[in-house]
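Have a look at the structure below, then the notes.
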There are 2 protein chains.
Amino acid sequence: MLTERQRMILNAIVDDYIRSAEPIGSRSISKRGGVGFSPATIRNEMADLEELGYLEQPHTSAGRVPSTKGYRYYVDHLLKLGEVSEQELNRMRGFLADQMNQMEQVIQHAAMILSNLTNYTSIVLGPEMFSNSLKHFQLVPLNQDTAVAIIVTNTGHVENRTVSIPVGIDISEMEKITRILNTKLVGVPLSRLRSRLYSEVGEELGRYVEHCEQLMGALDEALASDNEHRMFLSGTTNMLTQPEFKDVEKVKTLLDLFDETPTLMKLVSSHPDGIQVRIGTENDHEAINNCSLITATYSFEGKSLGMIGILGPTRMEYGKVISLLDVLSKDMTVLLGKWYK
Amino acid sequence: MLTERQRMILNAIVDDYIRSAEPIGSRSISKRGGVGFSPATIRNEMADLEELGYLEQPHTSAGRVPSTKGYRYYVDHLLKLGEVSEQELNRMRGFLADQMNQMEQVIQHAAMILSNLTNYTSIVLGPEMFSNSLKHFQLVPLNQDTAVAIIVTNTGHVENRTVSIPVGIDISEMEKITRILNTKLVGVPLSRLRSRLYSEVGEELGRYVEHCEQLMGALDEALASDNEHRMFLSGTTNMLTQPEFKDVEKVKTLLDLFDETPTLMKLVSSHPDGIQVRIGTENDHEAINNCSLITATYSFEGKSLGMIGILGPTRMEYGKVISLLDVLSKDMTVLLGKWYK
DNA sequence: CGTTAGCACTCAATAGCATCGAGTGCTAAT
DNA sequence: ATTAGCACTCGATGCTATTGAGTGCTAACG
């Protein structure tokens, strides 16, 4: 358990380091407002804090830098949440209000707002689609052997695949199929669509249409879209302005991670509901072991739909970011509610 | 006009510099196979070539580096196109053959192949959609006041917008509208869709439906998609391995350009048909003044549809890249032909 | 007369060295 | 318990010398 004074010193070091990105010495802490101790005293405490694992020294005769454990303590016990300034709030809501009638737009906008307001990189996971249900199904023939299958969900999302038409099926039959599928499948959650396709619709379809197995196969494949989430990044180059990324090597490993959508998605979606902070080595991926990832979930009727998150250096403005994510995730919960009616 | 010997020397310098990325001295040229002259002779020629503007010197007592003009001469007169190796060809076609039934997939794959095979950054512009025609139109109501408008083109591309429904229109009327639009507009090129919407369909629609102006407005807006081209980048981080981008500042300006899709698109689409090479300062944008951009068009029935391109440092393997783009653009022409029937 | 050997010269890069100063740990005095 | 004092550490900074790859010029050569 840390003493009151140790907490105060740790707090001061983290705050200063977040601002300056340079190791903090005892003298600068001592000269700070509200600290009534000499550098020597601070030094002793700092030595203790280092032994306890909260601080690190790049080398002897350098100042101290917070360790992952130090940041963790800071976030858990010392941090006072920054108010989101009136100005930021206005800017944010102004952006979001802009008559958005596409859900995708809202999500993408949210990512942009986050990265603009923080100067870090933002990651936004769009609503999981498996919980959506089918609103409309359509087969549009393009020529003799191909057609476009279109799925519209209750939230207005449109998914489409090109499927090949088995020989011997003509347009009138296609229309029949479309009608059957619509009457049988509208309202079914996407996650159950494939199984329903076989169990309920299969027989009936077979009654009307020859060669229906091939078509079923094509539809089945079309439905097996593995992108139940869509992910949006924004401000990826913001990282490059951070002093911890003055080395091109580090930049490359990070940007390579950004290109690997599935990995990144796994990393983000492993976070639980609510606001979650992963600091430095707490993150499962090596490329962001000197970064912190903060996420918040937005939801509908208490059920989490997707996530918004900020990735920045461990030396991140936690207070500001956390309160911003909190506000925005709540706004999005409200805003997206209308699509989920 | 350059002498035979000058051409030989220029060729040698460009080739060597492309490999080594370091200024080339007279001695190393002299010692090269097939060159029967002493360093002193080479030096004299190099001085001449510099005076003529084909070479540059980073500083006195350094070797020579090709200038933009030097590269230009190299590309126009000296370059012998590399054969695309059997292995690369197989790899490429293997990738493209992979039962792709989505046009988007083909395009995206092409970008990936290019960046993988070259280790530069690839830029691919999808087929311009304005020349496509409407295949099917659909209005799917989501709830009381919003609906999804879906457009399918003859090439199987699906575009969708959420539109708000004016009060007082019910579902049966929506279906009527859909039917009218389909009978009147199928086959019309997308570029003329908006004008036709007013000129031909407007009155007829008005006869059946009240409050139709608002709906028209909504549809009109939905059709005004400004992304007639879709653009795909791949291998953006490949640039970071190039020695000319060891400086984070330069990396940032380049990556920022990559994020500015419209600017980049303008840059690329300003290139004419066929294979086009823009070297260094020949490019209109400052961020790529030390890069070369090579593009090729793919087409259908002689009409250019879209572009594939490679962006790399001016010190680029022109021969390899050009022949690769040539082969791939022709393959894509063949492959995409089937969608344009 | 074109070519080349020879030579003085230039200049970035590298290494060595002294200096500086911010910061530390320890000890003894308060 | 706190702090002043002090020796010590070590990266950063700046200066100088050295090195070496490369040049331009001139004079000699076949």
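Numbers restart at 1 for each chain; the letters A, B, ... are given by sequence-line order, proteins then strands. Every heavy atom of this structure was used, including side-chain atoms; hydrogens, water molecules and symmetry mates were not.
Crowding of B:R7 atom CZ: a count of heavy atoms from other residues, nucleotides or ligands under 6.0 Å exceeding 12. Summarising the local packing, CD of B:E83 is surrounded by 12 or fewer heavy atoms from other residues, nucleotides or ligands at distances under 6.0 Å.
Rounded to an integer number of Å, the gap from NE2 of A:H59 to P of C:dG21 is 17 Å. The CG-P distance, from A:N44 to C:dA28, rounds to 15 Å in whole Å. Nucleotide C:dT3 holds its C1' atom 18 Å from the CD1 atom of B:I29, rounded to whole Å. Distance, B:D48 CG to C:dG2 C1': 13 Å, rounded to whole Å. Across the protein-nucleic acid pair, A:Q57 atom CD and C:dG23 atom C1' stand 8 Å apart, rounded to whole Å. Atom CD in B:E22 sits about 12 Å away from atom C1' in C:dA12, given to the nearest Å.
B:R72 and B:Y54 are not linked by any side-chain donor-acceptor pair at a separation below 3.5 angstrom, with hydrogens and angles left out of the test. With 3.5 Å as the limit, one finds a donor-acceptor pair spanning the side chains of A:D256 and B:T237.
When the nearest nucleotides of DNA chain C are assigned to B:G36 and A:M46 by heavy-atom distance, the more 5′-ward of the two goes with B:G36. Residues B:F37 and B:S61 each lie close to DNA chain C; by heavy-atom proximity, the contact nearer the 5' end of the strand is made by B:F37.
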Practice item. Report the C-alpha distance between B:F37 and B:E45 in whole Å, list the side-chain angles of each, state the deciding distance to 0.1 Å, and finish with yes or no for side chain to side chain contact (heavy atoms under 4.5 Å, CB included). Key: CA-CA 11 Å; B:F37 302 99; B:E45 297 285 30; over 6 Å; no
Point to revise | Test side chain to side chain contact (heavy atoms under 4.5 Å, CB included) applied to A:N119 and A:S115, step by step | key: CA-CA 5 Å; A:N119 278 314; A:S115 63; over 6 Å; no
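Side-chain nitrogen and oxygen atoms of B:T60 include none within less than 4.0 Å of the OP1 or OP2 phosphate oxygen of C:dT10. The side chain of B:R5 places an N or O atom within less than 4.0 Å of a non-bridging phosphate oxygen (OP1 or OP2) of C:dT3.
Ring orientation note: the planes of A:Y71 and A:Y17 are tilted relative to one another, at an angle of 30° to 60°.
Using a 4.0 Å heavy-atom cutoff across all strands shown, B:T41 reaches at least one base atom of the nucleic acid.
Interface limits on DNA chain D: the 5'-most and 3'-most nucleotides within less than 4.0 Å of chain A heavy atoms are D:dT2 to D:dG11.
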